[in-house]
There are 2 protein chains.
Amino acid sequence: MNLNRLMALRKEKSWSLQYVSDQLGMAKSTYAGYESGYRRPSLEAITAMADLFETSVDYILGRIPDPLTHSHQSGPTNEEPIELSTFPDVTLSIDDINLSQDDLCQFVAFIRARREMEQSCLKKDSALSN
Amino acid sequence: MNLNRLMALRKEKSWSLQYVSDQLGMAKSTYAGYESGYRRPSLEAITAMADLFETSVDYILGRIPDPLTHSHQSGPTNEEPIELSTFPDVTLSIDDINLSQDDLCQFVAFIRARREMEQSCLKKDSALSN
DNA sequence: GAAAAAAGTACGCGTAACGAGAACTTTTCC
DNA sequence: GGAAAAGTTCTCGTTACGCGTACTTTTTTC
C-alpha cells in the first residue's frame with residue numbers, strides 16, 4: 001500500500017509541503033513522511049488530507065480510480081469538470097467510436113505543450129505575473 | 001471519529017468477533033478494540049476490513065452514507081460513453097484548467113484526421129479488417 | 001553565474017499507542 | 001444449572017509515530 005496519490009494531488013494544486021502541512025496542522029517532516037511512505041498517517045490525518053484535497057480516503061489509498069467519486073454527491077455529474085489528466089473511469093467517444101487511453105494521453109500532452117508555449121509568449125510580452 | 005459502523009456491518013452478517021478477527025488475521029482483542037474505539041486500526045487493517053465487509057473505507061469512517069458507493073462501479077452514469085462531437089453539456093479539464101469549446105473542436109478534428117489516415121493506410125495494405 | 005530563498009529529504013529522540021495473550025464477564029444453548 | 005460461545009478489559013513489550021533539526025536540492029532573484 002502506497003500513498004503516491006498524495007504527491008500527485010498536492011502537485012495538481014501547486015502546493016508546497018510547507019503549505020499542506022500548515023493547512024493540516026502538522027510538521028512539514030510529518031507530511032513529507034506520509035508522501036514518501038516513510039511514515040503512515042493515522043485515520044484522523046488521512047481524513048483531514050482527503051478533506052483538504054477534496055477527494056475520498058478510498059481514492060488516496062488507491063482503492064478507486066476516480067478522485068471525485070462521492071466527495072461531491074453524485075447526481076448532476078456535469079456540474080464538476082472531468083479531470084482528464086487522471087484518466088478518470090469514464091468513457092469518451094467521437095462519432096460513436098470510443099477513445100483509447102493513448103488518445104487521451106496524446107490530447108493531454110498536446111494541451112500541456114500548448115499551454116507552455118502560451119506561457120513563453122506571455123513572458124516575452126513582459127506581462128504582469130501573479 | 002468513531003468506527004461504530006464496524007459493529008453494525010458485522011451484526012448484519014451475523015459474524016462473531018472471533019470469526020471476523022480470524023478472517024482478518026488478527027487477535028480477537030485487537031478487532032474488538034477497533035469496534036469499541038479503544039484501539040485505532042492501521043490503514044492496512046481498515047482496508048482489509050472494508051474488503052471483508054464489501055464496503056468502502058469512507059463508509060466505515062462515516063464520511064459517506066451509502067455502504068455500496070463505488071465498491072461496485074456506480075450506476076450507468078459512466079457506463080455510457082460521452083460523445084464529444086456533439087459538444088455535450090459536460091466540462092472537461094486538464095490540470096484543473098477547464099477546456100474550451102475550441103480545445104474540444106481541435107481534439108475532435110485531430111482524431112477524425114488520424115482515423116482518416118489510418119483508413120488510407122489500411123486500404124493500401126489490403127489488410128484484413130475487423 | 002552567484003547568492004539567497006524556498007522546497008524537499010533524512011535522521012534521531014522521546015513518547016504514545018499498538019497487537020496480542022490472558023483473564024474475566026455475559027450471553028446463549030442444551 | 002452447567003457448559004460453551006461470545007464479548008470485554010487489562011497489562012506488557014515492542015513498534016513506530018510526530019516532530020525538530022540539519023542537511024541537500026531546486027528555484028528565484030539580482
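In what follows, every chain begins at residue 1, and chains take the letters A, B, ... in the order their sequences are listed. What you are looking at is a predicted structure, and each value in this text was computed from that prediction instead of being measured.
Atoms CG (A:L3) and P (D:dC17) sit 11 Å apart, rounded to a whole Å. For the pair A:L43 CG and D:dA16 P, the interatomic distance rounds to 16 Å; values are reported in whole Å. Distance, A:L17 CG to D:dT26 C1': 13 Å, rounded to whole Å. Atom pair A:Q18:CD and D:dT27:P shows a separation of 18 Å (rounding to whole Å applied). In this structure, the CD atom of B:E35 is 11 Å from the C1' atom of D:dT8, given to the nearest Å. The CE atom of A:M7 sits 15 Å away from the P atom of C:dA7 (whole-angstrom rounding).
Between B:E54 and B:K13, at least one side-chain N (NZ, or NE/NH1/NH2) sits under 4.0 Å from a carboxylate O, which counts as a salt bridge. Comment: B:R63 engages A:D51 in a salt bridge, judged by a side-chain N to carboxylate O separation of less than 4.0 angstrom.
Taking the six-membered ring for Trp and thresholds of 30 and 60 degrees, A:Y19 and A:W15 have ring planes inclined between 30 and 60 degrees apart.
Taking the side chain as every heavy atom from C-beta outward, A:I64 and A:S56 approach each other to under 4.5 Å.
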### Message
At under 4.0 Å between heavy atoms, how does the protein contact nucleotides 12-30 of chain C? Give one character per nucleotide, 5' to 3', with B, S or -.
### Response
B-----BBBBB--------
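Judged by a 6.0 Å distance limit and a 45° cone about the ring axis, A:R5 is positioned over the six-membered ring of A:Y59.
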### Query
Can you check side chain to side chain contact (heavy atoms under 4.5 Å, CB included) on A:M49 and A:L24, steps first, answer last?
CA-CA 7 Å; A:M49 290 186 277; A:L24 295 169; 3.5 Å; yes
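Between A:R10 and C:dG8 there is a side-chain N or O to OP1 or OP2 distance below 4.0 Å.
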